[in-house]
Amino acid sequence: MGLFSSGFSGRRRPDTPGLPPGQYLTESFPVLSAGPTPRVTHEEWQFTIETEDGLQHRWSWDELMALPIADVTTDIHCVTSWSKFGTGWRGVSLDTLFDGIETSAGFTMAYSYGGYTTNVPLADLMGGKAWVAFEFDGKPLEPEHGGPARLLVPHLYFWKSAKWVRGIRMMENDEPGFWEQNGYHMYGDPWREQRYW
Ligand SMILES: Nc1nc2c(c(=O)[nH]1)N[C@H]1C(S)=C(S)[C@@H](COP(=O)(O)O)O[C@H]1N2
Ligand SMILES: [Mo]
């Protein structure tokens with residue numbers, strides 16, 4: 001097998017622009033979930049940002065839908081080595097959600113329905129880098145992929161993009177989430193291959 005001749009998706013092509021080291025491209029959209037898929041209705045769905053002083057800022061589904069909505073096209077990179085180019089999402093920017101929230105804490109923990117957690121520095125949620133996404137490929141996000149809504153932080157490995165997201169808690173110090181406690185990297189930059197630690 002030549003390095004450059006393969007026309008098959010799924011083959012490793014180290015010279016592909018936009019493909020981080022050690023990743024291969026896939027056309028499919030694998031489902032990776034550590035547990036069962038929670039079923040959360042729009043009626044019961046809520047999203048809460050809790051600051052370090054315990055103040056909670058909360059949105060219902062309807063309140064989320066009333067916020068400015070962003071269309072996002074981005075590549076995604078899973079630590080299990082698949083990458084997918086040009087995925088299309090619709091969601092609300094974390095910049096919008098954090099607008100008017102006062103915090104001096106530098107770290108966050110994302111919480112999901114079902115108990116999953118993952119830590120992300122606040123700076124990586126700001127500046128047009130992260131969204132609460134509720135549509136994929138022009139359709140409502142499937143429950144298997146995190147619907148009704150998931151975090152989308154595509155510049156980090158995809159485990160940071162918490163499915164069924166229900167909130168974010170601000171933290172003064174970095175603390176490991178679910179996979180980070182099990183050996184995944186605290187930050188998870190695919191370009192530096194920060195898979196495990
Ligand atoms: N709540 C929750 N979010 C999660 C996970 C999970 O198990 N539970 N898995 C993570 C991992 S390891 C990856 S690669 C992506 C997979 O998203 P997908 O199933 O939509 O491909 O979700 C991330 N977010
Ligand atoms: Mo993953």
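In listed order, ligands and their atoms are each counted from 1. Just so you know, residue 1 is the first one in the sequence shown, and it goes up from there. None of the values given here were measured: they were computed from a predicted structure.
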Original post:
Which pair of heavy atoms, one from Gly188 and one from Pro190, lies closest together, and at what distance?
Top reply: O-CD, 3.3 Å

**OP:** Please report which non-hydrogen protein atom sits nearest to atom 11 (C) of ligand 1, along with the residue it belongs to and the distance in Å to one decimal place.
**Re:** Trp159 CA, 3.5 Å

**OP:** May I ask you to identify the nearest protein heavy atom to atom 9 (N) of ligand 1, giving residue, atom name and distance to one decimal place in Å?
**Re:** Leu32 O, 3.2 Å

Subject >> ligand 1 N/O within reach of Tyr184 N/O, cut-off under 3.5 Å >> reply: no

**OP:** On the 0 to 90° scale, with breaks at 30° and 60°, tag the Phe47-Trp59 ring pair as parallel, tilted or perpendicular.
**Re:** tilted

Original post:
Do any N/O atoms on Ser33 end up under 3.5 angstrom from N/O atoms on ligand 1?
Top reply: no

Original post:
Between Phe136 and ligand 1, which residue portion shows a heavy-atom distance shorter than 4.0 Å: side chain, backbone, both, or neither?
Top reply: neither

Subject >> atom 14 (S) of ligand 1: nearest protein contact (heavy atom, Å) >> reply: Cys78 SG, 3.2 Å

**OP:** Report yes or no: do Asp174 and Tyr187 form a side-chain donor-acceptor pair below 3.5 Å?
**Re:** no

Original post:
In the protein, which heavy atom is nearest to atom 19 (O) of ligand 1, and how far is it?
Top reply: Lys163 NZ, 2.6 Å

**OP:** Taking atom CZ of Arg169 as the centre, report whether more than 12 heavy atoms of other residues, nucleotides or ligands fall under 6.0 Å from it.
**Re:** yes

Original post:
Side chain, backbone, both or neither: which part of Tyr157 comes within less than 4.0 Å of ligand 1 when only heavy atoms are counted?
Top reply: neither

Subject >> N or O pair under 3.5 Å between Pro30 and ligand 1 >> reply: yes

Subject >> Any N/O pair His145/ligand 1 closer than 3.5 Å >> reply: yes

Original post:
Under 6.0 Å between the ring centres of Phe29 and Phe136?
Top reply: yes

**OP:** Would you mind listing which atoms of ligand 1 come within a distance below 4.0 Å of any non-hydrogen atom of Ser112?
**Re:** 1 (N)

Subject >> ligand 1 atoms in contact with Ala162 (distance to a heavy atom under 4.0 Å) >> reply: 3 (N), 24 (N)

Subject >> Sub-4.0 Å atoms of ligand 1 with respect to non-hydrogen atoms of Trp82 >> reply: 21 (O)

Subject >> atom 23 (C) of ligand 1 [closest protein heavy-atom partner, distance rounded to 0.1 Å] >> reply: Phe158 O, 3.4 Å

Original post:
Is the number of heavy atoms from other residues, nucleotides or ligands under 6.0 Å of Glu172 CD greater than 12?
Top reply: yes

Original post:
For atom 22 (O) of ligand 1, which protein heavy atom lies nearest, and how many Å away is it?
Top reply: Arg150 NH2, 3.2 Å

Subject >> Donor-acceptor pair, side chain of Thr26 and main chain of Lys84, under 3.5 angstrom >> reply: no

**OP:** Examine distances only and state if a side-chain atom of Glu52 and a backbone atom of Ser104 form a donor-acceptor pair shorter than 3.5 Å.
**Re:** yes

Original post:
How does Lys160 reach ligand 1, by side chain, by backbone, by both or by neither, if only non-hydrogen atoms under 4.0 Å count?
Top reply: neither

Give the table of side-chain donor-acceptor pairs shorter than 3.5 Å for residues 176-183, with sequence neighbours excluded, one pair per line with atom names and distance.
| residue | atom | partner | partner atom | Å |
| --- | --- | --- | --- | --- |
| Glu180 | OE1 | Gly177 | N | 3.0 |
| Glu180 | OE2 | Thr118 | OG1 | 2.7 |
| Glu180 | OE2 | Trp159 | NE1 | 2.7 |
| Glu180 | OE2 | Lys160 | NZ | 2.7 |
| Gln181 | NE2 | Pro176 | O | 3.2 |
| Asn182 | ND2 | Phe178 | O | 2.8 |

**OP:** Record the part of Ala34 in heavy-atom contact with ligand 1 below 4.0 Å; permitted values are side chain, backbone, both and neither.
**Re:** both

Original post:
Do Ser60 and Asp62 have side-chain atoms, one donor and one acceptor, less than 3.5 Å apart?
Top reply: no

Original post:
Which pair of heavy atoms, one from Leu141 and one from Gly146, lies closest together, and at what distance?
Top reply: CD2-C, 3.7 Å

Original post:
Once you round to the nearest 0.5 Å, how far does CD of Glu135 lie from CG of Asp71?
Top reply: 8.0 Å

Original post:
Got the closest protein heavy atom to atom 24 (N) of ligand 1, with its distance?
Top reply: Ser161 O, 3.1 Å

Original post:
If you measure from each non-hydrogen atom of Trp164 to ligand 1, which part falls under 4.0 Å: side chain, backbone, both or neither?
Top reply: side chain

